[in-house]
Amino acid sequence: MNFDVIIVGAGPAGIFTAYELKKEKPEVNILLIEAGRAIDKRSCPKSKTQKCVSCKPYCHITSGFSGAGAFSDGKLSLNYEVGGDLPELIGSPIVQEFIDYTDTIYLDFGADTRVEGIDNTDAVKEIRRKAIVGGLKLIDCPIRHLGTEKAQEIYFKIQQHLIKSGVEIKFDTVVSDLIVDNNKIKGISLADSKTKKYINNVYSDKVIVATGRKGADWLKDMCIKHKVNHRAGTVDIGVRVELRNEVMESVNNVLYESKLIGYPAPFNDKVRTFCQNPGGFVSQENYDNDLAIVNGHSYKNIKSDNTNLAILSSHNFSQPFNEPIEYGKKVAELVNMLGNGKILVQRYGDILDGKRTWEKELYQSNVKHTLPDAEAGDLTSAMPYRTMTNILNFIQAMDAVVPGFASRETLLYGPEIKFYSNKIDLDKNFETNIKGLYCLGDSSGWTRGLMMASAMGVIMGRYLSK
């Protein structure tokens, strides 16, 4: 079986590569491989069971067509400064140009025309003034909010469009190995995602790997086996914070999502807010080895009384250490161990008092937790000291921007870890040192988020169509 192009991973980077390539060159023969299911066959049973049942072989929230994006809050960041390091590779003007173009594709498939964070100039100035007082930097970033339920509708339309245009999609299929000969890609070996049994080999001299955060560990193994040049990247470890909408409304009503960055003492590591969900819900997603990782969703039509957002501490390691993904996993395993396999939640005030949170105490405050099966406990017994110090000092700085953010009843959930750590060495066409092998999206280490990964896919598709 021979194809012009093989794409591994049907997340945003992979599907937008296929979309743009088919648009520019309709006759091209594309195979798209996805470990999970079609988007219309993805469903999380937790809405009925009220607890995670650890779906096998993969979590439906993290795997399947459109990747974790289908069940995310569905926010598209429309500024090149947000979403990863791609501007360092190909230049900020090019990235912004393709973000703008990719945004029109989302609009064509039904995205909301409203853009958050472009009004209330005076109010934005006041938020920036408060951020400066707190030692933080506010990044202006217009946001197009799809909403979790609307994102699924949009990606379903894209899925149907790709199938109709002739893209062959194999679901429930994994790539067990890359076929490399004389430093050139020749194809891939396929296996059943459930049984892991070998299916067959398929061949192409152009293979695009876009396996997302969930596939970052597999890609690292492939890099080692086939001598693909890569390096240890940043590992982001943090918590998801939840507090009442009333506390956050001064920011929510102006920016919808506040992108704030700080370098708190004493370590001066980069700490940032990420994925803010006004009226949202804290959620759980499962990775390989049953790791429970916290996340957050925000729907268009269903709202809670709370806002949640991530606070992530970035850690950069030097030689001889070269296992940032494994480091993140070990932290997650420790937190999961304390929570008996569940997400751990703790009140900010209890952390300051040096005590764990008890379940009965969660019901004594104004903030009612939106992850009902989270386990009350002590995050500080598992999170690294440096990470926890960064987060606590950042929360104090945030209190200058949003008075009440550092309230004793503010909830911290953990762990929130982003598995995009290894950075693949790419040229400006996203090609590795293996001829014909390209890497895209979050698994490549160059993007972090829906829009940047989608735009990287569009750029890849445009290049391959030449």
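All values below were derived from every heavy atom in this structure, side-chain atoms included, with hydrogens, water molecules and symmetry-related copies excluded.
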| field | Test salt bridge (charged side-chain N to carboxylate O under 4.0 Å, His left out) applied to Arg347 and Glu361, step by step | value | CA-CA 9 Å; Arg347 298 185 303 180; Glu361 294 172 324; 3.7 Å; yes
| task | Show the numbers, then the answer: is there a side-chain hydrogen bond (donor to acceptor under 3.5 Å, both in side chains) between Ser258 and Gln276? | result | CA-CA 7 Å; Ser258 54; Gln276 183 170 315; 2.7 Å; yes
| request: Compute the ring centroids of His315 and Tyr327, then answer whether they are less than 6.0 Å apart. | output: no
| Hey, do the aromatic rings of His369 and Tyr413 have their centres closer than 6.0 Å? | no
| Partners passing salt bridge (charged side-chain N to carboxylate O under 4.0 Å, His left out) against Lys259 (at least two apart in sequence or in another chain) | Glu257
| request: Take Thr307 and Asn245, measure what side-chain hydrogen bond (donor to acceptor under 3.5 Å, both in side chains) needs, and give me the verdict at the end. | output: CA-CA 5 Å; Thr307 294; Asn245 286 328; 2.7 Å; yes
| field | salt bridge (charged side-chain N to carboxylate O under 4.0 Å, His left out) involving Lys170 - partner list, sequence neighbours excluded | value | Glu168
| field | Cation-pi geometry met for Arg114 and Tyr256 (6.0 Å, 45°) | value | no
| field | Centroid-centroid distance, Phe405 to Phe394, less than 6.0 Å | value | no
| task | Count the heavy atoms of every other residue, nucleotide or ligand shown that sit under 6.0 Å from NZ of Lys137, and state whether that count exceeds 12. | result | no
| query | Which is it for Ser314 and Asp269 under the side-chain hydrogen bond (donor to acceptor under 3.5 Å, both in side chains) test, yes or no, and what are the steps along the way? | reply | CA-CA 6 Å; Ser314 297; Asp269 295 324; over 6 Å; no
| message | Closer than 4.0 angstrom, basic N to acidic O: yes or no for Asp85 and Arg448? | response | yes
| field | Side-chain donor-acceptor pair present, Ser77, Asn79, cut-off under 3.5 Å | value | no
